[in-house]
2 protein chains.
Amino acid sequence: MSSKEYILQTAVTLFSKQGFSGMSMRDLAKSVNMSTSAVYHHFPNKQALYLDAVHFAFAKQASAFDEVWQAELAADEKLSRFVSCLVRVLSTDVDFRRLMQRELLDADDGRMQLLAKEVFQEQFCHLMAVIEQLSESRQVHFSALSVIALVCDIIQMQPLSRHLPGWQAEHEQLDFIAEHVLNLLMNGIKSKG
Amino acid sequence: MSSKEYILQTAVTLFSKQGFSGMSMRDLAKSVNMSTSAVYHHFPNKQALYLDAVHFAFAKQASAFDEVWQAELAADEKLSRFVSCLVRVLSTDVDFRRLMQRELLDADDGRMQLLAKEVFQEQFCHLMAVIEQLSESRQVHFSALSVIALVCDIIQMQPLSRHLPGWQAEHEQLDFIAEHVLNLLMNGIKSKG
DNA sequence: CAATACCTACCTAACGTTCGTTCGGTATTA
DNA sequence: TAATACCGAACGAACGTTAGGTAGGTATTG
């Protein structure tokens, strides 16, 4: 891995943990065992480094969903695979998830547009197509949004959920989350799950 | 309103917009038309001010759900009212929502515990009780979590959702969100909504 | 072939600014 | 007169950033 990639990788972790203004260029330099000015040799300033880091983190996940939308699968099987995949990605790559959450809080409209186009749009279209097959609803956009929102926030709320009554350790297992989410999506909360 | 309350109120807004390290004590002092040292007359340091501000923001919402859990209502009516109320609170009090999202990203386990006990626990128990009446599922905790997660993240993702295909302006109206979420919870995505 | 120029990838040291915080003083009020 | 609520000025530390220099590789040229 090149120096530049190594800096980016490290920056992703630090930004995701401490946010933009919480991470200092000196911290980053120390983490990659370089001088501060060496970092400035690769990136013009902190802002540009941050944007590059966000790009870098998001690009790594672009292909994670490639195997989900295979044509020969039934619609409900596609949905099931997507949910499983989303749960896995968001649980495994913590930096990616946290960076995304921070972008949702901090990004301006331009960055939001980029986030939509580069990270979400493709998967979102696939997801809408599947939902259209499964549902008679006219609000496909909203349903697709609901699927993503449900998974994202369940995972984000895990450290909180641990301190709420009725919590069990199995609630944090990837398969359990995926199965429950899918069950909720297909049948609502009334189901026997 | 006292000076202290005014500082707290302003701090809530600034912290929610810029995060802990993004907001400076000088910014805050300027926003409340005081000197920096005047702020330090009311709060010992930035950390304590932040914790007070979080408390302050959360305390304001404690009573928002009081009218939801009235005993003489049917379970599905209670759930409906809770969803509507949650959508209203999170959409209306933007500072509260953003501060909560930031706490989910930044808080350590102790603060997470506090957040659970002081903000969520009471509503969460009520919600679990209602779900237990509605559902045959054994995973009441997880279902309750799903309800909250769904609403939170749908609202959080609104600025992103605007740039995804199929978006319509009505998707951001409070009644529409509440109705769609409730419909999803009761019937899954298959329903006609 | 050897001397030259140039580039990349780093370094140390420092610039000016902003940060959280404190000190000493001053009105106002009870 | 003693407490409360403020102020301006300053402290040292940390911040983003830049200047100037060096070591090593590579290409150019006499």
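Numbered from 1 within each chain, the chains take letters A, B, ... in sequence-line order.
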*Rounding to a whole Å, what distance do you find between B:K46:NZ and C:dG20:P?*
4 Å
Please set out all donor-acceptor pairs under 3.5 angstrom arising from side-chain atoms of residues 121-129 of chain B, sequence neighbours excluded.
from: B:Q123; atom 1: OE1; to: B:W69; atom 2: NE1; distance (Å): 3.0
from: B:H126; atom 1: ND1; to: B:W69; atom 2: NE1; distance (Å): 3.4
from: B:H126; atom 1: ND1; to: B:E122; atom 2: O; distance (Å): 3.3

*Measure the shortest side-chain to side-chain distance between A:L8 and A:L49 over non-hydrogen atoms and say whether it is less than 4.5 angstrom.*
yes
*asked:* Below 30° counts as parallel, above 60° as perpendicular, anything between as tilted: where do the rings of A:F96 and A:F58 land?
replied: perpendicular
_Row check, B:F15 ring normal vs B:K46 NZ/CZ: under 6.0 Å, within 45°_ = no
*asked:* Within the structure provided, determine whether A:D153 and A:Q156 are in side-chain contact (heavy-atom separation under 4.5 Å).
replied: yes
*Ion pair present between B:R102 and A:D106, side-chain N to carboxylate O less than 4.0 angstrom?*
yes
*asked:* Please classify the nucleic acid contact of B:T36 as base, sugar-phosphate, or nothing, using heavy-atom distances under 4.0 Å.
replied: base
*Does a side-chain N-to-carboxylate-O contact under 4.0 Å join B:R162 and B:E172?*
yes
_From NE2 of A:H42 over to P of C:dT8, roughly how many Å is that when rounded to an integer?_
11 Å
*Is any N or O donor-acceptor pair between the side chain of A:S37 and the base of C:dT12 shorter than 3.5 Å?*
yes
*What integer distance in Å separates B:L49:CG from C:dT21:C1'?*
13 Å
*Would you kindly give the CD-to-C1' distance between B:Q47 and C:dT21, to the nearest whole Å?*
15 Å
*Any link between B:M100 and B:F65 through a network of hydrophobic side chains (Ile, Leu, Val, Met, Phe, Trp, Tyr) touching at under 4.5 Å?*
yes
*Listed in order of residue number, which residues of residues 4-35 of chain A have a non-hydrogen atom at under 4.0 Å from DNA chain D?*
A:M23, A:S24, A:M25, A:R26
*First and last nucleotide of DNA chain D touching chain A, 5' to 3', heavy-atom cut-off 4.0 Å?*
D:dC15 to D:dA19
